[in-house]
Amino acid sequence: MVRILFVCLGNICRSPTADGVFRKLVAEAGLSDRFASDSAGVSDYHEGEPPDERAAAAALKRGVDLGAMRARGVVAADLRAFDLLLAMDEPVRRRLAGMQRLSGAGDAAKIGLFLDHAPHLPVREVPDPYLGGEEHFEEVLDLIEEGAKGLLAHLRREPWM
Ligand code: 4NP
């Protein structure tokens with residue numbers, strides 16, 4: 001089993017969306033017994049909350065149900081428990097790298113930017129949609145769908161497959 005943690009700031013918009021989109025792709029590929037994913041935020045401000053309703057509505061329009069997800073903060077144990085920790089933007093990646101350095105938990109090489117798995121895109125970060133309008137949530141989904149496809153293609157090429 002390969003374990004992937006998607007990480008953003010609040011864990012109510014981008015990372016639960018990435019988790020939901022990735023799980024759907026994995027299920028469609030018949031690989032749900034090979035991959036386990038979850039999401040978390042570098043802030044625990046929204047701990048226990050369901051996803052932002054704009055994010056949930058945008059995901060549902062594309063057949064992804066985020067209803068069961070609840071926000072949580074990243075903990076040092078996640079750095080050991082997951083094989084890959086994929087940040088939605090560079091500040092989040094730096095926060096994860098800082099946690100890894102300070103705690104000594106896990107391996108720095110596990111931490112990366114989610115969109116590094118979609119090198120054909122002109123951007124490397126999924127922008128924070130929290131203060132934006134509905135169109136920002138559509139843009140987030142477009143980027144996340146490409147990132148999730150690229151990630152799954154990458155994982156399927158790895159020797160652990
Ligand atoms: P997320 O979006 O990191 O994609 O979940 C945000 C959600 C909440 C806040 C910021 C970003 N906030 O400041 O409360």
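When a ligand or atom number is given, it counts from 1 through the structure's own listing order.
Below 4.0 Å from some heavy atom of Ile12 lie the following atoms of ligand 1, by number and element: 5 (O), 7 (C), 8 (C). Ligand 1 places these atoms under 4.0 Å from at least one heavy atom of Asn11: 5 (O). Per-residue contacts place Cys13 under 4.0 angstrom from the following atoms of ligand 1 (heavy atoms of the residue considered): 1 (P), 2 (O), 4 (O), 5 (O).
When atom types are taken as modelled, the side chain of Glu49 and the backbone of Arg70 share no donor-acceptor pair closer than 3.5 angstrom. At least one donor-acceptor pair under 3.5 Å links the side chain of Arg14 to the backbone N or O of Val126.
Of all the heavy atoms of His46, the ones lying under 4.0 Å from any atom of ligand 1 belong exclusively to the side chain. By the criterion of a heavy-atom distance under 4.0 Å, the side chain of Asp128, and not its backbone, is placed next to ligand 1.
Remark: ligand 1 and Tyr45 share no N or O pair separated by less than 3.5 Å (distance only, no angle test).
Looking at atom 1 (P) of ligand 1, its nearest protein heavy atom turns out to be Cys8 SG, 3.5 Å. The nearest heavy-atom contact from the protein to atom 9 (C) of ligand 1 is Tyr130 CD2, 3.5 Å.
The distance from the CD1 atom of Ile144 to the CG atom of Asp142 is 10.0 Å, given to the nearest 0.5 Å. A distance of 13.0 Å separates CZ in Arg95 from CD1 in Ile111, rounded to the nearest 0.5 Å.
A salt bridge is defined here as a Lys NZ or Arg NE, NH1 or NH2 lying under 4.0 Å from an Asp or Glu carboxylate O, and Arg94 with Asp89 fails to meet this definition.
The side-chain contact (heavy atoms from CB on, under 4.5 Å) test with Ser39 is passed by exactly one of Asn11, Leu86, Thr17, Val7: Asn11.
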